[in-house]
Amino acid sequence: MRSIRVWFTKKDTAKYTSHLDMNRCMLRAVNRAGLPVWYTEGFNPHPYITFALPLSLGIESEGEPMDMRIEGDMENDEVKSRLASVMPRGMDITAVTDVTDNAKTICYAEYGMDLEFNTANEAADFCEKAKALVQEGSLKAEKIGKQGRYKVTKQVVLKDLIVGFTAECVQDRVVITTVLSAGSSANLNPNLLLDTLIKETGARVAVIKITRKRLLKADFGVFS
Amino acid sequence: MFSKELEKILLTVQKPGRYTGGELNSVVKNKDDVAIRYAFCFPDTYEIGMSHLGMKILYSLANAREDTWCERVFAPWVDMEEKMRQQGIPLYALESGDAIADFDLIGFTLQYELSYTNVLNMLDLAGLPVKAQDRTALTPLVIGGGSCVCNSEPIAAFFDILLPGEGEEVSEDMIDLLKEHKQKGSSKADFLLAASQIQGVYVPSLYDVSYNEDNTVAAVTPLQNAPAKVAKRLVSDLDMMFAPDSFVVPFLEVVHDRVTVEIFRGCIRGCRFCQAGFIYRPIREKSPATVNAQCQALCESTGYDEVSLCSLSTSDYTGISELLPSLLDWTVDDKVNIALPSLRVDNFSDELMEQLTKVRRSGLTFAPEAGTQRLRDAINKNVTEEEVLNTVRKAYGGGWMAVKLYFMIGLPTETFEDIDGIADLAQKVVDEYYNNPDRAKGKSVAVAVSVASFVPKPFTPFQWEAQDTVELIEEKQRYLRDHIKTRKINVSRHNAQTSFLEGVFARGDRRLAQVIELAWRKGCRFDGWDDQMRIDLWLEAFEECGIAPEFYANRKRPFDEILPWDHMDYGVSKTFLIGENKKAHASDTTPNCRENCSGCGVTRLNGGVCDALN
Ligand code: SF4
């Protein structure tokens with residue numbers, strides 16, 4: 001038995017699949033592919049599959065890692081070609097690799113945001129204001145969290161969680177690349193950042209597309 | 001594929017996965033390569049529609065044709081509907097995202113009466129007039145199939161064509177005919193005339209209905225050579241019948257999320273309250289080899305890890321003892337579970353019980369339906385208390401701890417004594433557990449009692465009976481609740497008002513169309529959902545139309561009254577149904593079809609063949 005890491009995209013309509021549904025979807029893909037996966041023991045055995053960092057509903061991804069264990073000596077290439085032929089549209093297998101980094105080493109995630117505005121003016125305005133707001137470092141957001149059984153609203157200072165931020169205006173679009181804290185200790189959902197920027201600037205965005213580009217470790221090396 | 005407006009609202013509604021398509025095995029074609037675009041509509045949520053076997057079969061069947069692209073459409077939930085209307089997004093099909101108003105064929109499956117307002121709402125969301133007479137072009141043609149078609153009179157005004165019986169063959173006929181007439185540039189009227197000559201095609205606009213002063217039907221007159229009786233279609237040989245080799249695999253969790261394969265059609269039991277038991281006759285079995293092959297192919301193409309064998313009464317399948325070992329041959333290695341719904345208690349053999357222990361055990365369900373032997377005899381549910389308790393005893397010994405019992409209240413001839421019987425039987429099922437030395441130690445038993453309210457349905461021996469009023473049903477529900485003595489029994493019941501409405505539409509006539517339309521305009525939809533159902537708006541609508549719903553639900557009809565569905569022919573003869581009704585009132589049972597054929601008359605529609613006769 002060995003662990004492998006499967007990398008897959010989540011694009012177009014596939015982005016509307018929630019994290020909970022992803023698990024079921026992947027279990028079935030593994031069944032269809034006839035992979036010799038390792039099953040958990042017990043009353044209701046099922047293949048052991050884990051996702052390194054859940055992706056929020058509505059966000060696309062260029063490469064999500066999913067770990068599983070397989071028995072026997074099937075090569076990574078074979079796993080890849082078998083899985084590739086049974087995936088739903090929008091979820092393509094980009095690579096199957098050995099497991100190098102522990103999922104706990106993920107510290108940051110890089111996102112691309114592609115925003116479309118109704119006019120070029122609105123785009124330029126938002127671009128300038130957003131850059132200034134991030135630079136200034138006073139952005140705060142409210143986050144609904146849980147404290148025991150109670151729901152509480154927490155103030156989050158976004159500055160500490162934004163590691164990189166560039167924005168560029170191209171006609172009526174604004175293209176943002178940003179690196180945000182990710183993982184179990186500190187995490188910033190790109191939706192929260194964007195919602196805050198939209199609220200603070202009073203902008204009206206026509207179309208929003210957010211894509212997770214890659215995951216990074218503490219030293220900004222690419223998680224693999 | 002989707003418009004910006006749509007993309008924008010998708011993230012603001014619950015479960016956007018209901019509206020995006022893109023699932024594995026969903027069929028995408030090039031619209032320029034097909035002659036017929038077919039929107040298959042299920043008038044309820046995605047999760048319910050995606051669990052429906054009939055839709056899966058007909059979707060695959062239509063898409064197996066090169067000239068047709070069939071896509072799925074479900075009723076958007078209220079939050080999505082609101083956003084769609086705000087943004088002016090018309091109802092679209094999941095595979096292409098295209099508006100269905102531009103399709104050639106719009107087909108609804110009508111499985112329960114309380115989905116009728118959703119049909120109107122979906123037509124309206126599509127941007128189409130809801131009434132058939134206001135849709136003057138040939139396409140989109142609006143057709144309907146499913147069990148409600150056996151009395152589609154209340155919704156006939158909204159449909160161009162209704163298809164009584166099984167859809168496999170008649171769907172092909174409809175597509176062929178529509179394609180031909182579309183190419184010829186026929187008028188809608190010419191097309192409908194041609195369609196009315198096909199067996200199993202009901203064109204409601206070709207029938208004139210007149211009424212007596214007392215509001216009963218005086219006559220149904222066919223026009224322009226339409227047949228006086230419309231006979232249902234049925235498939236003779238289930239082994240030769242089209243069967244899908246793949247199912248669309250939803251991302252969202254749906255109600256029945258598994259492979260489902262039909263094992264036979266019809267039912268040998270003849271329970272007098274059960275519409276399915278009469279309208280799906282005659283008995284036709286699929287061979288175990290075919291069932292096994294279909295299960296295996298579907299598991300491979302979908303990756304599901306559960307197969308369910310589907311029929312009205314699984315243990316009556318003569319091939320069950322051959323089928324189970326052949327299934328277990330591969331399901332065990334592939335870690336696939338087998339689900340056997342609709343098991344009956346009376347022929348639950350030791351052998352079957354032993355094989356079942358290899359199958360993953362879910363809860364154990366029994367449907368005694370009535371609390372006393374007298375009433376069980378009257379409804380022809382030939383299950384004895386002894387049999388229930390015997391099986392429960394075996395099951396407890398085999399490790400089961402949860403039992404579900406299904407009952408009905410409001411059955412014809414029922415008295416409060418019969419309600420006592422429900423509480424008593426449930427109590428005995430509990431006691432049986434504690435008297436059982438082999439029971440799982442230290443654990444408690446849970447008996448779930450589900451009590452539905454009986455709704456008389458067309459083409460059953462009870463089609464003439466009065467349905468209990470809402471007040472009486474509620475009184476009986478309270479009475480039952482007060483007679484349950486232990487917390488080990490948990491009673492769930494149906495909303496009496498919902499059953500009342502269901503009863504009105506089940507046996508209604510064409511005058512109800514205006515009530516349905518008015519109630520929908522007042523905001524009724526998803527009437528089968530307790531949290532959406534607005535009985536106040538419905539009662540308003542009846543009042544404003546000057547129609548008393550009690551006339552349809554709570555009135556006992558004489559045998560010689562012309563019933564609104566008398567021009568439909570489902571094979572089973574009226575003489576047979578009258579005989580069964582009289583036997584019910586005498587608490588007299590009818591043997592099951594394998595013991596003795598009762599001459600129900602259905603073989604007339606199947607070349608004299610019924611598998612129960614062999
Ligand atoms: S023909 Fe006879 S055996 Fe067949 S369904 Fe009718 S009554 Fe039963």
Side-chain angles (χ1 to χ4, degrees), chain A residues 10-47 49 56-60 82-83 85-92 114-118 172 191 194-195 204-210, chain B residues 1-28 46-47 87 94-97 246-254 257-259 297-307 330-337 360-362 399:
Chain A
K10 215 176 155 197
K11 294 200 166 159
D12 304 323
T13 54
K15 71 170 174 243
Y16 296 109
T17 306
S18 72
H19 181 62
L20 208 74
D21 294 335
M22 278 308 291
N23 197 47
R24 201 171 33 244
C25 167
M26 286 300 175
L27 290 179
R28 285 173 189 159
V30 162
N31 284 345
R32 290 191 294 272
L35 296 183
V37 288
W38 178 79
Y39 275 68
T40 57
E41 323 260 311
F43 177 65
N44 179 18
H46 57 273
I49 290 180
S56 300
L57 190 78
I59 298 183
E60 305 200 0
R82 283 196 187 206
L83 264 181
S85 62
V86 298
M87 295 299 288
R89 278 186 288 280
M91 294 184 197
D92 293 325
D114 192 337
L115 315 177
E116 207 179 303
F117 292 80
N118 291 322
D172 60 348
N191 279 319
L194 189 58
D195 287 348
R204 289 180 48 201
V205 194
V207 186
I208 296 173
K209 185 172 146 176
I210 305 179
Chain B
M1 173 176 101
F2 291 142
S3 67
K4 284 179 190 173
E5 287 71 31
L6 181 57
E7 290 266 359
K8 228 165 128 179
I9 61 174
L10 280 173
L11 284 172
T12 66
V13 299
Q14 289 176 42
K15 303 194 189 177
R18 285 168 165 172
Y19 312 110
T20 58
E23 310 94 324
L24 183 91
N25 298 334
S26 57
V27 179
V28 174
Y46 176 91
E47 292 91 320
Q87 300 289 324
L94 289 186
E95 279 73 0
S96 63
S246 78
F247 284 174
V248 175
V249 183
F251 292 118
L252 291 186
E253 188 160 19
V254 300
D257 210 2
R258 58 196 182 192
V259 164
L298 284 167
C299 280
E300 273 167 24
S301 66
T302 59
Y304 275 126
D305 56 10
E306 181 164 274
V307 284
W330 58 272
T331 53
V332 172
D333 285 345
D334 290 359
K335 303 192 171 60
V336 169
N337 298 312
R360 182 167 156 208
R361 64 178 65 132
S362 44

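To find a chain, count down the sequence lines: A is the first, B the second, and so on, and within it residues start at 1.
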Measure distances from [X] to the heavy atoms of chain A and classify the residue's part below 4.5 Å as side chain, backbone, both or neither.
X       : value
E253(B) : both
S26(B)  : both
E7(B)   : both

Give the minimum heavy-atom separation between [X] and [Y], together with the two atoms involved.
X       : Y       : value
K335(B) : D305(B) : O-CB, 3.8 Å
R32(A)  : S301(B) : CD-O, 3.2 Å
P16(B)  : L57(A)  : CG-CD2, 3.6 Å

Of the backbone (N, CA, C, O) and the side chain (C-beta and beyond), which part of [X] lies under 4.5 Å from a heavy atom of chain B, both, or neither?
X      : value
V86(A) : backbone
R89(A) : both
M87(A) : backbone
K15(A) : side chain
A14(A) : neither

Can you tell me how far the NZ atom of K10(A) sits from the CD atom of E60(A), to the nearest 0.5 Å?
10.0 Å

Distance from M22(A) atom CE to F251(B) atom CZ, nearest 0.5 Å?
8.0 Å

Within 45° cone and under 6.0 Å: K15(B) NZ/CZ vs Y46(B) ring:
no

Determine whether more than 12 heavy atoms belonging to other residues, nucleotides or ligands lie under 6.0 Å from atom NZ of K209(A).
no

Scored by heavy-atom pairs under 4.5 Å with chain A, the best of L10(B), N25(B), T302(B) is T302(B)

